[in-house]
Amino acid sequence: LHTDAGMTLVSVAVIDDVSEVIMLGAVLGISSAGIASASNQIVTQIVKTALFFLVVYVVGFYFKVPERLNKFVENSRTMGTKLSYIFAVLFATMALAYLTGIHVIIGAFFSGLMLSKAFGEDREMHRTIMFITFGLFAPIAYSWVGLNTMLTALITNLPLLVAILI
């Protein structure tokens, strides 16, 4: 991760994940609205995500939120204060994503992009966030996925599963 090749690999994986979340939102919309509006759902998800990115970009970068946040946090002496600001920005962008009708993980991703300018070089902050993420949030997310997985649906739609895997 600390080389150009590693960062490129992670960037490509993140772009892939974000595009999958966009498509998942479209598929979920199709399942509730019907197949007739499939193309409308896909276009709607892409437009919503683009508008969300534009809002986060304008608010975050035009108003220099990362720089202002960094200056404000530099005066704080505790890691807890810094983490509080990070989580406030994180939850605010996730809430905005939810209210926009896109998946909250896209909000989290864009807040990470914005906050990387403010805290990108802080190794202690990076380690703390990694610890919290992998120690708390990732297990909760995977538990939620496991709880919502219906194995009977996979078995009854075995040809579809095979087609997806191929």
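From a predicted model like this one, the values you see are computed outputs, not experimental measurements.
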**Q** Enter the distance from I132:CD1 to I86:CD1 here, rounded to the nearest 0.5 Å.
**A**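 Going from CD1 on I132 over to CD1 on I86, the span is 8.5 Å.
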**Q** Check side chain to side chain contact (heavy atoms under 4.5 Å, CB included) between Y85 and all other residues, then give those that pass, not counting sequence neighbours.
**A**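 Y85 satisfies side chain to side chain contact (heavy atoms under 4.5 Å, CB included) with L69, F72, V73, T81 once adjacent residues are dropped.
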**Q** When clusters are formed by joining ILVMFWY residues with side-chain heavy atoms under 4.5 Å apart, either directly or through shared neighbours, do V104 and L136 land in the same one?
**A** yes
**Q** Give the cluster check for I140 versus Y98: same hydrophobic cluster or not, with ILVMFWY residues linked at side-chain heavy-atom distances below 4.5 Å.
**A** yes
**Q** So how far is it from I129 CD1 to E124 CD, rounded to the nearest 0.5 Å?
**A** 11.0 Å
**Q** Measure the CZ-OH distance between F137 and Y142 for me, rounded to the nearest 0.5 Å.
**A**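 So the gap between those two atoms works out to 15.0 Å.
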**Q** Hey, are the side chains of T100 and L51 touching, using non-hydrogen atoms and a 4.5 Å cut-off?
**A**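 No; the side chains remain at least 4.5 Å from each other.
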**Q** Among all residues two or more places apart in sequence or in another chain, which pass the side chain to side chain contact (heavy atoms under 4.5 Å, CB included) test with L9?
**A**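 Checked L9 against side chain to side chain contact (heavy atoms under 4.5 Å, CB included); zero matches.
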**Q** Restricting to side chain to side chain contact (heavy atoms under 4.5 Å, CB included), what partner residues turn up for A108, sequence neighbours left out?
**A**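 Partners of A108 under the side chain to side chain contact (heavy atoms under 4.5 Å, CB included) test: L90, M94.
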**Q** Scan the side chains in residues 158-166 for donor-acceptor partners under 3.5 Å anywhere in the protein, sequence neighbours excluded, and list what turns up.
**A**
none

**Q** For F91, what residues pass the ring-ring contact (aromatic ring centres under 6.0 Å, His included) criterion, not counting sequence neighbours?
**A** F87
**Q** Between atom CD1 of I106 and atom OG1 of T93, what is the distance when rounded to the nearest 0.5 Å?
**A** 11.5 Å
**Q** Among all residues two or more places apart in sequence or in another chain, which pass the ring-ring contact (aromatic ring centres under 6.0 Å, His included) test with F52?
**A**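 With neighbours one apart ignored, the set is F110.
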